[in-house]
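Here's the structure we're looking at; comments come further down.
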Amino acid sequence: MKRFLFSFAFILISTFLMGQNAKIEQKITKLLDQMTLEEKVGQMTQYSSFFDVTGPAPSGGDNKNKYDQIKTGQVGSMLNVRGAKQVREMQKLAVENTRLGIPLIFGYDVIHGHKTIAPIPLAESASWDMEAIQRSAEVAAIEAAAEGLNWTFAPMVDISRDARWGRVMEGAGEDPFLGSKIAKARVQGFQGDDLSATNTIAACTKHFAAYGFAESGKDYNTADIGTSTLYNIVLPPFKAAVDAGCRTFMNSFNELNGIPATADTYLQRDLLKGEWGFDGFIVSDWGSMIEMVAHGHAEDGKHAAELSANAGSDMDMESHVYVKHLKNLVESGKVDIAHVDDAVRRILRVKFELGLFDDPYKYCDEAREKELLYNAAHTEAVLDMAKKSIVLLKNEKNILPLAKSGQKIALIGDLADDKNSPLGNWRLASDNNTAVSVLEGMESMSKNTITHETGVQLYSGDAFFHQHININTTEANGIGKAVEAASQADVVVMVLGEHGFQSGEGRSRANIGLPGMQEELLKMVYAANPNMVLVLMNGRPLAIPWAAENVPAIVEGWQLGSQSGNAIASVLYGDYNPSGKLPMTFPRDVNQVPIYYNYKNTGRPGPKNEVFWSHYSDQTNAPLYPFGYGLSYTTFEYSEPKVTTMGRTADVTVTITNTGKVAGTEIAQLYIRDKVASVTRPVKELKGFEKVVLEAGASKTITFKLTEQELGFYNNQGKYIVEAGQFDVMVGTSSADTKKVSFSIK
Ligand code: NOJ
């Protein structure tokens with residue numbers, strides 16, 4: 001009976017939604033019939049704000065054109081306008097002046113929180129906790145929607161194997177399986193169940209595609225990858241986002257195998273909109289249409305517009321080539337009007353779904369804005385997310401957790417009292433210096449005597465628009481004071497790493513050690529007092545072999561957002577037992593990059609006692625910290641995994657025991673290896689994980705289900721296949737520490 005009622009309810013809801021969708025399509029058709037070609041092109045045009053923070057900027061000069069264009073229906077979307085009042089004023093320009101009153105859609109980079117800032121996405125990914133990640137996106141959406149926004153340019157789902165690339169901070173790391181789960185969680189968090197609700201916003205999966213495979217880690221650089229990597233590594237998180245109902249996509253700056261992504265018909269029309277059935281719209285990245293001239297793919301702006309429109313780029317973000325040329329291109333037969341109609345239909349569809357046609361001002365409620373920005377519940381959510389994102393990398397002699405009283409602590413490092421850097425570089429809407437610093441967190445949670453010394457300054461100046469942030473490489477005056485404080489302390493806590501503005505867009509680094517004079521500082525302080533905990537703050541994996549070898553305890557504290565210091569202090573004092581696991585390999589040496597766990601075996605895998613195998617003669621192949629790695633204040637033991645097969649599926653069972661003295665959480669991981677395949681498979685591929693909470697001494701048996709969805713792969717024609725044969729299954733605490741069992745499928 002229950003089942004019957006459930007099916008009945010499901011049919012009713014589906015029928016209702018189908019009816020709603022059909023109604024929207026009818027409304028779009030009616031509107032399209034009334035639109036001039038110029039108005040259609042207008043919907044395909046997006047401008048960045050020309051508003052001051054407190055209201056409209058003067059309507060003369062350069063801005064006059066944009067004002068006039070909004071009023072005459074030549075603009076469909078704005079980015080970088082925010083605030084209930086500001087959005088309302090700009091929306092009015094469109095709704096009250098244009099012939100058809102079509103509302104604008106307002107986009108913004110809401111990447112990891114809006115006002116209340118969550119950890120950077122790479123850090124969140126270290127939680128492997130889909131509920132927390134979804135909640136974090138939900139909180140970001142609530143605050144963004146309260147500021148009048150409808151649309152975020154997130155999640156970035158670009159897989160990357162190169163820690164030099166500055167934007168690894170914005171993604172989920174190196175693995176497509178974990179990346180796909182996170183893509184889904186973030187899309188669902190932003191969009192919720194009802195896009196028209198005033199606490200949800202449309203998501204935008206980006207950057208389609210292969211932006212994370214920029215050669216040599218330099219941002220915007222060429223991506224040249226084979227089909228196997230494209231289908232099996234790069235594309236799965238994008239596909240997962242479509243399956244999760246993501247309403248928009250952004251293409252990417254890079255060329256992929258010779259074609260700039262913005263002009264890639266295969267990616268946009270054939271695959272995304274065709275095979276994957278995506279019915280939302282694609283926005284270009286900022287200026288990526290006009291940049292095709294520099295790429296050497298388009299002759300000029302007009303040609304760029306033609307290539308982009310034909311390839312399926314629906315909206316032009318700040319290239320200004322659609323507004324200038326698209327009408328003419330259609331009239332001269334270079335672009336089919338059907339392409340324009342399709343693009344406009346997609347854009348209008350999302351506007352209808354957001355409820356903007358019912359009430360263009362529905363997101364512009366100043367009272368709601370006041371109530372929701374920096375709401376206490378949001379602080380709680382980002383604190384929870386921050387704690388879950390922390391990874392314990394080393395803890396010799398159980399130096400951690402620290403006692404909460406009776407300790408003289410030397411807290412050293414420029415980042416230790418920094419209230420700005422932990423917000424990361426993507427915190428456009430947030431207020432500067434609003435993060436809780438490590439110093440504040442540690443002071444508020446203990447009765448210890450804490451002496452803070454900067455040691456060496458990390459950077460100076462306002463870094464946001466600076467090409468190179470000003471790293472201090474000479475000023476060493478503070479080292480003496482730091483050494484002095486350390487020599488008198490029971491324990492030293494060093495907070496070192498990168499400033500928030502040292503990773504992110506345009507912020508690739510060729511050296512990925514500790515910037516500036518921090519390594520010198522570390523060594524000198526260590527010589528004075530080796531009873532030391534190193535807290536890292538960084539937006540990418542760092543190569544820190546000396547610290548890993550010498551410093552007894554290391555905590556990966558990323559850029560954890562508004563509640564950074566409280567989260568870190570709870571881990572240092574043992575109020576929270578860390579459970580994060582690295583979503584990206586940490587190299588020993590930048591020269592090992594690209595380094596990743598799911599590599600291919602090659603014909604000469606080694607290790608061998610001679611020269612002719614795949615290795616370096618002056619460095620080990622092993623990373624500093626492998627993918628999936630992370631410790632706890634307790635220890636876990638895994639039983640031998642057991643496997644039962646049924647046709648083309650397998651159940652893998654393992655028992656995990658908490659063998660330490662305190663309760664803890666383990667993220668159990670399952671990897672497979674397809675031993676022989678028509679297209680070679682990696683030595684390991686993550687295909688399952690589970691978060692297991694265990695009291696001291698307790699055990700739990702968990703079962704991973706492997707189905708055809710996990711056991712197959714994409715061949716070089718992009719077809720998903722499952723091949724008969726033998727598989728190894730490896731279950732364990734990280735990609736480098738597992739127990740193995742094998743099975744076969746027919
Ligand atoms: C360029 C970035 O690549 C993209 O991710 C971002 O959303 C846009 N700028 C808009 O700010």
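Numbers here simply count residues along the sequence, with the first being 1. Counting starts at 1 for both ligands and their atoms, in listed order.
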Legend entry - Enclosure of K218 NZ (heavy-atom neighbours >12, cutoff 6.0 Å): no

Inset, instruction - Can you establish whether the number of heavy atoms outside K419 located under 6.0 Å from its atom NZ is more than 12? - result: yes

Backbone or side-chain N or O of [X] under 3.5 Å from ligand 1 N or O:
| X | answer |
| --- | --- |
| E170 | no |
| W286 | no |
| K206 | yes |
| Y211 | no |

Inset, instruction - With F238 as reference, evaluate L271, T205, I159, L267 under the side chain to side chain contact (heavy atoms under 4.5 Å, CB included) test and give the passing residue. - result: T205

Inset, instruction - Please work out whether any backbone atom (N, CA, C, O) or any side-chain heavy atom from C-beta onward of R167 is under 4.0 Å from ligand 1, and answer side chain, backbone, both or neither. - result: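 For R167, only side-chain atoms sit under 4.0 Å from ligand 1.
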
Inset, instruction - Establish, from distance only, whether the side-chain atoms of Y108 and R82 form a donor-acceptor pair under 3.5 Å. - result: yes

Inset, instruction - Would you please say whether a donor-acceptor pair under 3.5 Å links the side chains of D224 and T222? - result: no

Legend entry - Interfacing atoms of ligand 1 (cut-off 4.0 Å, heavy-atom, F153): 7 (O)

Inset, instruction - Using a strict cut-off of 4.0 Å, indicate which atoms of ligand 1 neighbour a heavy atom of F253. - result: 1 (C), 3 (O)

Inset, instruction - Specify the protein heavy atom at minimum distance from atom 1 (C) of ligand 1: its residue, its atom name, and the distance to 0.1 Å. - result: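 Going atom by atom, the protein heavy atom closest to atom 1 (C) of ligand 1 ends up being D285 OD1, 3.0 Å.
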
Legend entry - Minimum-distance protein heavy atom relative to atom 11 (O) of ligand 1: D109 OD2, 2.4 Å

Legend entry - With W151, the ring pair (Phe, Tyr, Trp, His ring centres under 6.0 Å) member among F106, F190, F281: F281

Inset, instruction - Rounded to the nearest 0.5 Å, what's the gap from CG on L356 to CD on Q91? Could you check? - result: 6.5 Å

